[in-house]
Amino acid sequence: MVPAAVGFQCPEDVAAGQASVRAPRRTGSWRAAGQRWGTVTLSLIGLNVAMFLVTAGSAVAAGNSPLDNQLSEVFARLCQVPLLVQLGDEWWRPFTAAFLHIGPMHLLLNMLALLVFGSELERRLGRTRYLLLYAVSLLGGGAAIQLFGAPFQAVAGASAAIYGLLGGLAVLMVQRREDLRGLLTLLAINVAISFLPGLSLLGHLGGLVAGALTAAVYTLARRRPPLQPAGALALGIVLLVVALTVPTVAVLDL
């Protein structure tokens, strides 16, 4: 017999009772974080942080401070420079530049915004549609810089894609008739800040418009879900063609 809180129990009964009790399920920290913040959002943040570490290491190898990661060969090879994209056939720059940042503060601010707005959009749209909206938004920012940016100006950052998330969220909120005052105030403040020296107003506005258009495609095709990714891909292809083939205004003036 086995001593219990009250009296004694048969060992066979104790073993049978323990076997019928399910062990608590353990959820890994990554899975728990993914459920809360979104797997795609956390993956994008991880990729941005990884690229910052790579450029910081490259800066150290060149004899510079890791905080000056923009003074590295890797950063120089991956940032967006309109003239190099169009005349140097370096087509990858509009993509890779969206995962580069200039200094830790630039990275921190963008990643906080991505965590907040990206997780909300991933929850509303699902992984595939959210990732497409993010990609189209960064292409919109890259296309705007290619069309109207200074030919020799190096540009980098996830800001264009994040502005696209804001534009997409605004469209979804209009569709659901939610209160837009807070989001519109935030957008107005950020657009005003974009006029400060060193920030890419063109990239921000291009990403904002592309994100809003992508969300509008989702809204118009909400009764035909298979058309939503197709519409986003079509918009992304158009922006890609514009970014890589249409000569920038600044280049035409050279």
Side-chain angles (χ1 to χ4, degrees), residues 41-118 134-135 137-166 189-208 210 239-240 243-244 248-251 254:
T41 297
L42 294 180
S43 299
L44 290 172
I45 292 175
L47 181 56
N48 279 274
V49 172
M51 289 304 301
F52 179 83
L53 294 177
V54 169
T55 55
S58 177
V60 171
N64 299 311
S65 168
L67 300 181
D68 295 325
N69 65 303
Q70 72 276 14
L71 303 178
S72 70
E73 182 180 356
V74 174
F75 190 96
R77 289 288 296 171
L78 299 181
C79 65
Q80 183 175 359
V81 182
L83 191 65
L84 295 180
V85 173
Q86 293 186 345
L87 300 185
D89 294 330
E90 299 181 2
W91 55 268
W92 61 85
R93 289 181 178 269
F95 302 95
T96 54
F99 296 95
L100 299 178
H101 290 84
I102 302 174
M105 186 57 64
H106 186 204
L107 173 70
L108 176 62
L109 293 176
N110 274 348
M111 294 305 99
L112 285 175
L114 177 55
L115 184 65
V116 173
F117 299 108
Y134 190 93
S137 299
L138 71 86
L139 281 175
I145 292 170
Q146 285 299 127
L147 284 173
F148 306 108
F152 299 102
Q153 181 66 51
V155 182
S159 302
I162 293 171
Y163 271 78
L165 300 183
L166 292 173
I189 293 173
N190 280 275
V191 170
I193 293 175
S194 299
F195 284 93
L196 294 176
L199 299 180
S200 176
L201 176 63
L202 289 172
H204 294 174
L205 293 180
L208 178 67
L239 292 173
L240 179 62
L244 299 181
T248 180
V249 173
V251 171
L254 292 177

Inset, instruction - Determine the minimum heavy-atom distance between Y163 and V191, stating which atoms define it. - result: OH-N, 3.8 Å

Legend entry - Non-neighbouring partners of A243 that pass side chain to side chain contact (heavy atoms under 4.5 Å, CB included), sequence neighbours left out: A143, Q146

Legend entry - Which atom of P94 lies closest to which atom of V85, heavy atoms considered: CD-CG2, 4.0 Å

Legend entry - Interatomic distance, L166 atom CG to S137 atom OG [nearest 0.5 angstrom]: 9.5 Å

Inset, instruction - State, yes or no, whether a side-chain contact exists between L240 and F95 at a heavy-atom distance under 4.5 Å. - result: yes

Which donor-acceptor pairs under 3.5 Å do side chains of residues 105-115 form with protein atoms, sequence neighbours excluded?
{"unit_1": "H106", "atom_1": "ND1", "unit_2": "I102", "atom_2": "N", "d": "3.0"}
{"unit_1": "H106", "atom_1": "NE2", "unit_2": "N110", "atom_2": "ND2", "d": "3.3"}
{"unit_1": "N110", "atom_1": "OD1", "unit_2": "S159", "atom_2": "OG", "d": "3.4"}
{"unit_1": "N110", "atom_1": "ND2", "unit_2": "H101", "atom_2": "NE2", "d": "3.1"}
{"unit_1": "N110", "atom_1": "ND2", "unit_2": "S159", "atom_2": "OG", "d": "3.3"}

Legend entry - Atom of G141, atom of A160 and distance for their closest heavy-atom approach: CA-CB, 3.8 Å

Legend entry - side-chain hydrogen bond (donor to acceptor under 3.5 Å, both in side chains) partners for T55, two or more places apart: N69

Inset, instruction - Determine yes or no for a side-chain-to-main-chain donor-acceptor pair under 3.5 angstrom, with Y134 supplying the side chain and G118 the backbone. - result: no

Inset, instruction - Determine whether F52 and P104 make a side-chain contact, defined as any pair of heavy atoms from C-beta on separated by less than 4.5 Å. - result: yes

Inset, instruction - Compare every heavy atom of A210 with every heavy atom of G140, then report the nearest pair and how far apart it is. - result: CA-CB, 3.8 Å

Inset, instruction - Please examine the side chains of N64 and S72, heavy atoms only from C-beta on, and report whether any two atoms are closer than 4.5 Å. - result: no

Inset, instruction - Measure from the side-chain N and O atoms of Q80 to the backbone N and O of G142, and report whether any donor-acceptor pair falls under 3.5 Å. - result: yes

Scan the side chains in residues 198-205 for donor-acceptor partners under 3.5 Å anywhere in the protein, sequence neighbours excluded, and list what turns up.
{"unit_1": "S200", "atom_1": "OG", "unit_2": "G203", "atom_2": "N", "d": "3.1"}
{"unit_1": "H204", "atom_1": "ND1", "unit_2": "S194", "atom_2": "OG", "d": "2.6"}

Legend entry - Intermediate values then yes/no, side chain to side chain contact (heavy atoms under 4.5 Å, CB included), T41 and F117: CA-CA 9 Å; T41 297; F117 299 108; over 6 Å; no

Legend entry - With W92 via side chain to side chain contact (heavy atoms under 4.5 Å, CB included) - residues at least two apart: R77, L78, E90, T96

Legend entry - Euclidean distance, N48 CG relative to L53 CG, rounded to 0.5 Å: 11.0 Å

Inset, instruction - Please list all pairs passing the salt bridge (charged side-chain N to carboxylate O under 4.0 Å, His left out) test where one or both residues lie in residues 141-154, with sequence neighbours left out. - result: none

